[in-house]
Structures are given as C-alpha cells and as structure tokens.
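Order of the sequence lines sets the chain letters (A, B, ...), proteins ahead of strands, with each chain counted from 1. Note that this is a predicted model, so its numbers are computed, not measured.
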Protein chains: 2
Amino acid sequence: MQLFEIFRKYLQEKVELTDAQLDLIRSTSKERKIAKREFYLREGEISGHNTFVVKGLLRLYRIDEDGNEHIMRFAPENWWISDRESYNTGEPSKFIIDALEKSEVLIWTKEDSEFVYGEIPAFRAFGEGLFVESFIAYHNRIYNSISSTAEEKYKNFVKTYPDIFNRVPLHMVASYLGVTRETLSRVRRHFTLK
Amino acid sequence: MQLFEIFRKYLQEKVELTDAQLDLIRSTSKERKIAKREFYLREGEISGHNTFVVKGLLRLYRIDEDGNEHIMRFAPENWWISDRESYNTGEPSKFIIDALEKSEVLIWTKEDSEFVYGEIPAFRAFGEGLFVESFIAYHNRIYNSISSTAEEKYKNFVKTYPDIFNRVPLHMVASYLGVTRETLSRVRRHFTLK
DNA sequence: TGATTTTCGTGACAAATGTCCTCGTTGCGC
DNA sequence: GCGCAACGAGGACATTTGTCACGAAAATCA
C-alpha cells in the first residue's frame with residue numbers, strides 16, 4: 001500500500017474530509033524514506049516541517065555539553081514529530097531527529113501546512129487537537145518526573161508505551177527517563193525479583 | 001485602575017484590536033479577587049475557564065498518594081492559568097490552584113472563550129501563540145529535568161524566573177524542581193560557598 | 001505586642017544513584 | 001559465517017539525595 005493511503009486511513013478515522021480536501025492534503029505532501037541511524041534533523045538545522053511517521057520509529061533528542069544524549073521522545077507509526085521550538089521561531093534547532101528503524105514518513109512544509117489549515121478548518125482543528133494532546137502528555141510527564149521514583153517512572157513508561165518499550169534498547173529508555181543505564185538495570189533487577 | 005484596564009494595556013501590546021472587539025472581550029470577562037491561601041480550583045472540580053492573573057500570584061499543583069505537594073507551575077501577573085487537561089476533556093481535575101498572595105484575576109468561561117475566538121481571529125491567534133509558548137516552556141523543562149543536576153536546575157530556575165524566586169518560599173522552589181527542601185538547602189550552601 | 005506558624009538551615013544516618021569497570025551475549029554488517 | 005559493535009547485567013566504590021530530628025529566625029495574625 002502506498003504511504004499516503006495508510007495516512008488517509010489514519011486521517012479518516014479522525015476527521016471527515018471530502019475527496020477534494022484529501023487531494024489537497026496529498027498534493028502538498030512529500031514522501032521520504034529514512035534508513036536506520038540516518039539523521040532526519042541535524043543540530044543547527046531549522047525544523048520547518050510537519051512530519052507524520054507512516055512506518056518505522058524516529059526519536060527526538062539532544063546532546064549536552066558533556067556529549068550525553070537525552071531523548072525527549074520517540075515517534076513510532078501514526079505519530080507526528082518536529083522540534084516545535086525551531087518550527088515556531090525559525091531558529092536553528094538544538095535537537096536531533098534520527099531513525100531507530102528503517103522508516104517512511106510524510107512531510108509538509110510549514111508554509112504548506114498553514115495553507116492547508118486555512119483551506120480546511122477541520123484539518124486545522126485536528127492538528128490543534130493533536131497539539132493539545134501533546135501538551136497534556138508533557139504536563140503529565142513533568143508531574144511524573146518531579147513526583148516519582150526511578151522505579152515508578154520505569155513502570156509507568158512500560159505501561160504507557162508497551163510498544164515502544166519492546167522496540168528500543170534499554171539504555172534509550174534510561175535516557176528518556178533521565179537516569180543512567182546502570183540505575184535502570186538495578187531498578188529492573190529489583191523489580192523482577194519481587 | 002480597573003482590572004480590565006490593566007489587561008487592556010497588556011493585550012494591546014500584543015494584538016491590534018478595535019474598540020468593538022475589546023468591548024466584546026470585556027463584556028465576556030468576569031473579575032474575581034482571591035485571598036491568600038484561598039483555593040481557586042479544588043481537586044475534583046472541572047477547570048472550565050481561562051484565567052488571566054492581573055495582580056498577585058497563583059500556583060498549580062497536585063497532591064500525591066503520600067500527601068506530598070508537587071508544584072507544576074507558578075502564575076504571577078500577566079500569566080494565564082488553568083488545568084489544560086481538565087479544560088480540554090471536561091473531566092474533573094487532579095490538580096489544585098490556589099493563591100500564594102492576595103490576587104485579582106479576569107475569567108472567561110470555555111464557551112465564551114470559544115465564542116470570542118470565533119469572532120476575533122486575531123485574538124484566537126494570540127491565544128494559540130501563548131499556548132505554543134507554554135508548550136515550548138514545558139519541552140525545555142523536560143529537557144532540563146532529564147539532563148541537569150539539582151544544582152543546575154536551581155540555578156536555571158533563579159535565572160529564568162528571578163521575580164518568582166523572590167516571591168515564593170524555598171520549599172516551594174524545591175517542590176517545583178522535584179527535590180526535597182533539604183537537598184535544595186544543601187545545593188544553596190554549596191553554591192554560596194563558592 | 002505576644003503567641004503561633006512558617007520558613008530555613010543543619011547534622012546524622014540510610015537509601016538511591018552515578019561512575020567506572022569487567023564480562024558474556026546478541027545482533028548486525030560485510 | 002565471521003568479526004565487531006551494541007547491548008545488558010553486575011560489582012565496587014564515591015557521591016548525591018532522602019529521611020528524620022532539632023532549633024533558630026522570620027513572618028503572620030489575633
């Protein structure tokens with residue numbers, strides 16, 4: 001099945017759209033394949049696109065002054081990804097996006113996105129709804145990060161994202177949670193013994 | 001000066017609005033005074049309003065199973081506050097909003113907000129711009145929480161929110177940062193000795 | 001003003017986490 | 001299939017953080 005066809009099925013479960021509207025959305029999109037370990041956004045580049053992951057798994061992360069990776073989030077199938085700060089301000093991104101698996105994505109430029117949003121209010125409402133959901137997810141993650149122990153964070157991650165958990169190495173889960181690999185290993189040992 | 005007059009000055013620095021549009025915004029708003037320590041949103045209530053802090057200082061926090069407070073954010077003058085999850089879903093809030101200082105706020109119901117947004121697209125764009133900024137702030141806070149030490153988090157808070165820092169007790173800063181009061185006290189000692 | 005609460009620091013000890021290291025296994029690329 | 005890199009576990013030790021207890025100073029309120 002073509003990439004856009006998969007996207008169309010996803011979209012039609014969420015929004016009512018006419019064929020003409022779908023054509024507009026299709027005509028402004030571009031396809032791209034991303035190899036495993038290939039970069040999709042490098043540090044310093046501008047994140048000027050909305051990207052929908054059709055197949056595979058991407059991640060958004062940042063490298064600190066000491067060279068350590070810190071994973072902000074994973075984006076498997078049916079998720080959207082961008083560095084929203086760079087997207088919004090037009091400034092170079094401090095973050096990196098690469099593929100953890102061979103992936104295929106659909107891409108809209110910021111300009112095309114705005115144009116399509118203007119033409120199709122229901123599509124704009126859909127996009128904004130997604131954004132609110134992301135905001136709420138971040139809100140809950142912050143609460144989790146200031147109120148939970150490492151073990152609780154780990155359990156919560158496995159419970160919330162079982163699919164992602166099964167597809168990424170543990171040291172990346174540790175990075176996402178903000179603990180070292182060793183700590184995660186200890187938490188897991190403690191956990192499986194009980 | 002009247003509450004709305006203060007708000008009008010704030011708003012006109014950000015958006016171009018006609019007198020008629022300002023009248024619509026004014027006519028849908030309600031004023032409220034909140035005493036120090038008074039609750040503005042209790043756990044279990046629905047957060048169905050947009051609230052602008054004209055004077056004073058509010059906070060949004062949650063109490064965990066062990067009875068510990070975890071502060072999500074502070075809202076001083078010229079900030080907006082609500083529990084966006086409850087606002088969006090209509091579900092009872094798990095969070096609490098109360099006043100740390102004697103405060104005065106302007107309030108719009110969700111319904112009125114949507115109506116005014118529909119009537120004044122520039123006002124909608126303004127509101128959505130604020131929301132994107134909040135999202136970016138949360139994004140950066142998450143990065144900070146998974147990549148920084150307690151000392152770095154503390155320094156960063158003081159630098160980013162010097163005004164708030166000077167108005168709230170240290171144990172609330174600790175709560176916001178996700179560490180105990182004792183740890184914050186140690187960090188400060190270590191910090192001032194150098 | 002006087003009494004009470006809140007705030008903040010500190011010491012002692014326990015628990016959690018980070019750091020550095022080794023080792024065996026797995027999986028991927030050539 | 002082979003070789004190498006990636007992955008995950010685990011031990012030993014240092015550091016950080018949490019917990020509990022106490023006391024002094026500051027703020028609050030009647």
Side-chain angles (χ1 to χ4, degrees), chain A residues 34-38 56-57 59 61 64-71 74 98-103 144-158 164-194, chain B residues 34-38 56-57 59 61 64-71 74 98-103 144-158 164-194:
Chain A
I34 310 171
K36 184 170 180 174
R37 287 168 214 274
E38 186 184 346
L57 179 60
R59 69 170 169 163
Y61 66 106
D64 67 23
E65 318 81 47
D66 300 328
N68 298 112
E69 288 180 7
H70 301 283
I71 299 179
F74 302 100
D98 67 2
L100 300 180
E101 302 173 1
K102 193 174 77 171
S103 303
N144 202 252
S145 84
I146 64 176
S147 69
S148 299
T149 64
E151 182 165 338
E152 288 165 341
K153 289 176 195 174
Y154 170 69
K155 287 185 191 175
N156 196 281
F157 180 82
V158 176
I164 295 175
F165 175 70
N166 284 315
R167 291 163 71 178
V168 304
L170 288 174
H171 69 86
M172 290 194 188
V173 175
S175 170
Y176 178 92
L177 297 179
V179 298
T180 60
R181 302 164 246 138
E182 292 89 342
T183 294
L184 184 61
S185 187
R186 281 188 283 246
V187 162
R188 281 163 53 79
R189 175 175 31 163
H190 190 68
F191 185 50
T192 51
L193 285 181
K194 286 193 297 194
Chain B
I34 310 171
K36 184 170 179 172
R37 287 169 212 274
E38 186 183 346
L57 178 60
R59 70 170 166 163
Y61 67 104
D64 68 21
E65 318 81 45
D66 301 327
N68 298 112
E69 288 180 6
H70 301 282
I71 299 178
F74 302 100
D98 66 4
L100 300 180
E101 302 174 359
K102 191 174 78 170
S103 303
N144 202 252
S145 83
I146 64 176
S147 69
S148 300
T149 64
E151 182 165 338
E152 289 165 341
K153 289 177 196 175
Y154 170 69
K155 287 185 191 174
N156 196 38
F157 180 83
V158 175
I164 295 175
F165 174 70
N166 284 315
R167 291 163 72 179
V168 304
L170 288 174
H171 70 85
M172 290 193 188
V173 176
S175 170
Y176 178 91
L177 297 179
V179 299
T180 60
R181 300 164 245 138
E182 292 89 344
T183 294
L184 184 61
S185 186
R186 281 186 285 244
V187 162
R188 280 164 53 81
R189 174 174 33 164
H190 189 69
F191 184 49
T192 52
L193 286 182
K194 287 192 298 194

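- B:His190 places its NE2 atom 15 Å from the P atom of C:dG9, with the value rounded to the nearest Å.
- When the C1' atom of C:dT7 is taken as reference, atom CG of B:Leu184 falls 12 Å away, rounded to whole Å.
- For A:Thr183, the side-chain atoms get nearest to C:dT17 when compared with the rest of C:dT17, C:dG9, D:dG11.
- What separates CZ of A:Arg167 from P of D:dA6 is a distance of 21 Å, to the nearest Å.
- At the heavy-atom level, B:Arg186 lies under 4.0 Å from base atoms of the strands shown.
- One finds a side-chain N or O of A:Thr180 lying less than 4.0 angstrom from the OP1 or OP2 phosphate oxygen of C:dG18.
- OP1 and OP2 of D:dA9 both lie 4.0 Å or more from every side-chain N or O belonging to A:Arg181.
- Whole-Å rounding puts the A:Glu151 CD to C:dA15 P distance at 15 Å.
- B:Leu170 has its side chain out of reach of B:Arg181: every pair of non-hydrogen atoms, C-beta onward, lies at least 4.5 Å apart.
- Between A:Lys36 and the phosphate of C:dG29, there is no side-chain N or O to OP1/OP2 separation shorter than 4.0 Å.
- Interatomic distance, A:Glu151 CD to A:Leu184 CG, rounded to the nearest 0.5 Å: 10.5 Å.
- B:Glu182 places a side-chain heavy atom less than 4.5 Å from the side chain of B:Arg186.
- Taking every side-chain heavy atom of B:His171 into account, C:dC8 is the closest of C:dG9, C:dC8, C:dG18.
- Closest approach to the B:Leu170 side chain among C:dG9, D:dT19, C:dT7 is made by C:dG9 (side chain taken as heavy atoms from C-beta onward).
- At least one donor-acceptor pair under 3.5 Å links the side chain of B:Asp64 to the backbone N or O of B:Asp66.
- Distances were taken from every side-chain heavy atom of B:Glu182 (C-beta onward) to each of D:dC7, C:dG11, C:dG9; the shortest belongs to C:dG11.
- Side-chain proximity of B:Arg37 to C:dT10, C:dT6, C:dG18: nearest is C:dT6.
- Atom OH of A:Tyr154 is separated from atom C1' of C:dT17 by 17 Å (rounded to the nearest Å).
- When distances run from any side-chain atom of A:Pro169 to the nucleotides D:dC7, C:dA12, C:dG18, the shortest one goes to D:dC7.
- B:Arg189 has its CZ atom 12 Å from the P atom of D:dT16, to the nearest Å.
- In this structure, B:Leu100 atom CG and D:dA27 atom P are separated by 17 Å, rounded to whole Å.
- Distance, A:Phe165 CZ to D:dG8 C1': 12 Å, rounded to whole Å.
- Within the 4.0 Å cut-off from OP1 or OP2 of D:dA9, at least one side-chain nitrogen or oxygen of A:Arg188 is found.
- Summarising the geometry, atom CD1 belonging to B:Ile146 is positioned 11.0 Å from atom CD belonging to A:Glu69; distances are rounded to the nearest 0.5 Å.
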